[in-house]
Chemist: 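Pasting a structure here, questions to come.
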Amino acid sequence: MPIDTAVYRRIANGLASRRKYASFPGKLPLKKEHDRIQNTLDSYIDYFRKSANAYENTENHLMYKSGQSFSYLKDGTFRFYHQEDWNALAQLTKKEKNTHLSIGAEYSFKEVGAVYRDELLDAGIQAHLGNIQAKGSCELVLWKEEEFDPRLELSLQAQASLLSLQGQAKIGTNNMYLQARGNVDVGSVYAQATCIFNKEEQNLEASIGAAAVQGEGSIAFHLFGAKVTVSAQGSLGSAEANLTYRHVNKERLFQCSYTLFQNNFYFYIV
């Protein structure tokens, strides 16, 4: 009969939450009874936690030894995240520290995946149908050498694709193995912009584009601690437009460019 280790852990945590410390003067019978109850609780906690660990270890060993695969299909998910580091005290005391704000969101309509694991191979693939991602960040500095010298940096990125694929695989042993990763987007559109504003310069760079297929991948060879990585990225049927504006030392630069139906491929070895 399969064991639900999550239930075992909940029981152990529930018992642990009921342990209470109490102080009794001398060797009163009440103190002995209290110690006996605490020791009994400890033994039950230890039993449930060790049983859960032993069952999971045995299950993982059998799974990797015999080889197991599974797949799933589920509704898409929405994820929202943000991070803030105001450094308010540093700003009030004229310290040269950044105020950092970032925000992001991701949504996919459907998600499907498959995983296979054995002693020498651990591989998985995930696909997101109708994937949308957006994120932005802001960096603000108000002081430089205790003088008011504001500097603002903004970054925005957004991407949407009809189909997004991610895959990864690890083949070999702990000391010698090959690790591969890859991402492919089909029918994607994207946009990004960065802005820098301060006393000396104002800089704006923006781009918008689309690609029938775009992706990137890497293969890393690990041999007793040494590592060699081969990476590649490319796109098919892509179009992109770029806008650049710079204002530095009373000089202004305004530039526009575009590419249509271009295929690109880049290759790296590290």
Side-chain angles (χ1 to χ4, degrees), residues 79-107 131-162 164 183-218 229-270:
R79 186 170 70 96
F80 174 80
Y81 57 90
H82 65 93
Q83 181 180 1
E84 297 130 16
D85 188 2
W86 295 96
N87 280 322
L89 182 61
Q91 303 292 2
L92 292 173
T93 55
K94 299 184 179 182
K95 301 295 183 182
E96 193 173 336
K97 284 193 174 183
N98 292 5
T99 291
H100 172 79
L101 307 173
S102 63
I103 190 172
E106 181 177 357
Y107 171 77
N131 186 251
I132 302 173
Q133 301 179 42
K135 60 182 178 180
S137 65
C138 170
E139 295 276 352
L140 175 65
V141 182
L142 296 179
W143 308 96
K144 184 175 181 180
E145 296 178 353
E146 297 190 352
E147 296 290 332
F148 185 67
D149 189 2
R151 177 184 177 89
L152 176 65
E153 296 185 18
L154 299 173
S155 175
L156 300 170
Q157 295 180 355
Q159 180 175 345
S161 59
L162 296 176
S164 179
N183 301 300
V184 176
D185 292 306
V186 180
S188 64
V189 293
Y190 58 90
Q192 60 184 18
T194 57
C195 307
I196 299 175
F197 298 100
N198 57 43
K199 291 181 179 179
E200 287 77 28
E201 66 172 315
Q202 295 82 49
N203 189 353
L204 169 64
E205 294 184 4
S207 63
I208 185 171
V213 180
Q214 66 175 2
E216 60 183 7
S218 66
T229 303
V230 179
S231 303
Q233 64 181 47
S235 63
L236 297 174
S238 63
E240 185 173 286
N242 299 282
L243 170 69
T244 301
Y245 172 78
R246 288 192 179 93
H247 182 197
V248 183
N249 296 327
K250 298 183 180 182
E251 294 184 1
R252 287 181 171 86
L253 170 67
F254 184 82
Q255 183 177 355
C256 294
S257 63
Y258 68 91
T259 58
L260 293 175
F261 306 111
Q262 189 173 19
N263 302 323
N264 300 305
F265 183 77
Y266 303 96
F267 187 75
Y268 312 93
I269 299 178
V270 180

Chemist: For the OG atom of S137 and the CD1 atom of I103, what is their distance to the nearest 0.5 Å?
Modeler: 11.5 Å

Chemist: May I ask you to check whether E240 and Y190 show a side-chain donor-acceptor distance below 3.5 Å?
Modeler: yes

Chemist: Rounded to the nearest 0.5 Å, what separates atom SG in C195 from atom CG in L204?
Modeler: 4.5 Å

Chemist: For N242, does its backbone N or O pair with a side-chain atom of S207 as donor and acceptor, under 3.5 Å?
Modeler: no

Chemist: Test Y81 against E106 for side chain to side chain contact (heavy atoms under 4.5 Å, CB included), laying out the working first.
Modeler: CA-CA 9 Å; Y81 57 90; E106 181 177 357; 5.7 Å; no

Chemist: Answer yes or no: does atom CD of E200 have more than 12 heavy-atom neighbours from other residues, nucleotides or ligands under 6.0 Å?
Modeler: yes

Chemist: CD/E147 to CD/E96 distance, rounded to the nearest 0.5 angstrom?
Modeler: 11.5 Å

Chemist: Run I196 and R151 through side chain to side chain contact (heavy atoms under 4.5 Å, CB included) and show every step you take.
Modeler: CA-CA 7 Å; I196 299 175; R151 177 184 177 89; 3.8 Å; yes

Chemist: With side chain to side chain contact (heavy atoms under 4.5 Å, CB included) as the test, would you mind laying out the steps for N98 and D85 before giving the verdict?
Modeler: CA-CA 8 Å; N98 292 5; D85 188 2; over 6 Å; no

Chemist: With rounding to the nearest 0.5 Å, note down the distance linking CZ in R246 to CD in E201.
Modeler: 8.5 Å

Chemist: Determine whether the side chains of N131 and Q133 contain a donor N or O and an acceptor N or O closer than 3.5 Å.
Modeler: yes

Chemist: Can you confirm whether the side chains of Q159 and D185 place a donor and an acceptor under 3.5 Å from each other?
Modeler: yes

Chemist: With A105, which residues qualify under side chain to side chain contact (heavy atoms under 4.5 Å, CB included), at least two apart?
Modeler: F78, F80

Chemist: Do the side chain of Q202 and the main chain of N198 share a donor and acceptor less than 3.5 angstrom apart?
Modeler: yes

Chemist: Say whether Q214 and S238, considering side chains only, have a donor N or O and an acceptor N or O under 3.5 Å apart.
Modeler: no

Chemist: Could you give the distance from NE2 (H247) to CG (N203), rounded to the nearest 0.5 Å?
Modeler: 12.0 Å

Chemist: I would like to know whether K94 and E146 meet salt bridge (charged side-chain N to carboxylate O under 4.0 Å, His left out); could you show each step before the answer?
Modeler: CA-CA 5 Å; K94 299 184 179 182; E146 297 190 352; over 6 Å; no

Chemist: Where do E84 and L101 come nearest, in terms of heavy atoms and distance?
Modeler: CG-CD2, 3.7 Å

Chemist: I need the minimum non-hydrogen distance between K95 and W143, along with the two atoms involved.
Modeler: O-CD1, 4.0 Å

Chemist: Considering non-hydrogen atoms only, spot the tightest contact between L89 and T93 and give its length.
Modeler: O-OG1, 2.8 Å

Chemist: Considering only heavy atoms from C-beta outward, does the side chain of S231 approach that of T229 to under 4.5 Å?
Modeler: yes

Chemist: From L154 CG over to E139 CD, what is the distance, rounded to the nearest 0.5 angstrom?
Modeler: 10.0 Å

